[in-house]
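Reckoned from all heavy atoms, side chains included, excluding hydrogens, waters and symmetry mates. Just so it is clear, the model here is predicted, and its values are computed rather than measured.
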Amino acid sequence: MRIRDSRRRGRALAAAGLLVVLGVGACSAGGDSGGDNAGSAAQPQAVAGGAADRDQAAPEKAQSGAGGADLRVDQRAIIYTGTLQVRVDDVERAAREASTAVTAAGGFVGGDQRNSDSADARAELVLRVPADRFTSVLEALAKLGRQERREVRTEDVTEETVDLDARIATQRARVDSARRLLARATSITDLVTLENEVGRREADLASLEAKKRRLADLTALSTVTVTFVGPEAAATEDEEDLGFLTGLRGGWSAFLGSLRVALTVLGAVLPFALAIGVPVALVVALARRRGRRTPPAGPALPEPAGPVPSGPPPVPAARSGP
């Protein structure tokens, strides 16, 4: 009996141990699958969070890079202005060739002023050329004759352009917000106030856009002012001469200029003086002659009030003494 009982107890303990082992294995398997599911669920969240962080950091990085990094030369907004003076044999022909060269480069003639006098022939052209053709056009113009003077000026307006872009974007947002408020206005007072505000903001936006278009025009098209002078035209003296002879020449020129002005004024006044002064002088002379011929009249005596006595005047009586 004892042996049978011990065997039964052993079998029961073995069955209980087997159940315990199976339960522990199931728990470990469930824990592993739960961890795997949790890890798989957490992984997309981490990826999504990282993508969101990258999306949020990208604009910040772009903004910091736009503000701190310098733009390349080909990305900067630069205004080119050139002045050129060329001495040529034929001013008219050189002006025509310059106009043709600018048109072929994609530009146009903005101003044309010419003097066809053979002694002092001169032509001044204001040319607008694309910025990328600025140097080539200058070289082509200089080859039309003998270059005497050249001046090139540049102005970097990159910061001003970027500032205008930012201000335009901000102003457009302000206009949109004012329009949304205007659409939700319920009272007449709010309606009038918001309409005035929208008009003011739109005017500011139009002014900023006009400045941006002006800068864009100046940066896209450079300005070249070329002056063609004939072979006999006087050269322009850049430096001012000093000295006694220079002062004497200047004073003599000023005297001759003043004399010419005085003679011009006299010539302009003389016809009026003859037309008005001669009749006035004749009238004055005739009046003086009449005054000499007429005798001067004496002073008029007063007439007596009563009848005038005919006899001698009465003698007063002598006064008796005391």
- Query: Hey, any chance Val129 and Ile79 share a hydrophobic cluster, counting ILVMFWY side chains that come within less than 4.5 Å of each other, even indirectly?
  - Reply: no

- Message: Give me each pair satisfying salt bridge (Lys or Arg N to Asp or Glu O under 4.0 Å) with a member in residues 262-272, each pair once, sequence neighbours excluded.
- Response: none

Using distance only, find each side-chain donor-acceptor pair of residues 191-199 under 3.5 Å and give its atom names and separation, not counting sequence neighbours.
residue	atom	partner	partner atom	Å
Thr193	OG1	Thr189	O	2.8
Asn196	ND2	Val192	O	3.2
Glu197	OE1	Arg200	NH2	3.2
Glu197	OE2	Arg200	NH2	2.4
Glu197	OE2	Arg201	NE	2.8
Glu197	OE2	Arg201	NH2	3.3

Kindly list each side-chain donor-acceptor pair under 3.5 angstrom involving residues 257-271, sequence neighbours excluded, with atom names and distances?
residue	atom	partner	partner atom	Å
Ser258	OG	Ala254	O	2.9
Thr264	OG1	Arg260	O	2.6

- In chain order, what residues pass the salt bridge (Lys or Arg N to Asp or Glu O under 4.0 Å) check against Asp156, with sequence neighbours excluded? Arg76

- Message: List the residues meeting salt bridge (Lys or Arg N to Asp or Glu O under 4.0 Å) with Asp190, not counting sequence neighbours, and say none if there are none.
- Response: none

- In the hydrophobic clustering that connects Ile, Leu, Val, Met, Phe, Trp and Tyr at side-chain heavy-atom distances below 4.5 Å, which members other than Leu221 occupy its cluster, ordered by chain and number? Phe108

- Residues in side chain to side chain contact (heavy atoms under 4.5 Å, CB included) contact with Ala94, at least two apart in sequence or another chain: Val88, Phe228

- Message: Can you confirm whether Val91 sits close enough to Val229 that some side-chain heavy atom of one is under 4.5 Å from a side-chain heavy atom of the other?
- Response: no

- Message: Applying salt bridge (Lys or Arg N to Asp or Glu O under 4.0 Å), can you list everything that pairs with Glu202, at least two apart in sequence or on another chain?
- Response: Arg179

- Note on the structure: salt bridge (Lys or Arg N to Asp or Glu O under 4.0 Å) filter on Asp89, not counting sequence neighbours, yields none

- Item | CA sep, side-chain torsions, deciding dist, call: Asp204, Arg167, salt bridge (charged side-chain N to carboxylate O under 4.0 Å, His left out) | CA-CA 10 Å; Asp204 294 340; Arg167 293 172 62 187; over 6 Å; no

- Which residue pairs satisfy the salt bridge (Lys or Arg N to Asp or Glu O under 4.0 Å) criterion with at least one member in residues 130-145, sequence neighbours excluded? Glu139-Arg150

- With sequence neighbours left out, the residues meeting side chain to side chain donor-acceptor pair (under 3.5 Å) with Arg114 are Glu92, Asp112

- Item | Sequence-distant partners of Arg153, side chain to side chain donor-acceptor pair (under 3.5 Å), two or more places apart | Glu151

- Message: Exactly one of Ile78, Val152, Thr223 should register a side-chain contact (heavy atoms from CB on, under 4.5 Å) with Phe134. Which one does?
- Response: Val152

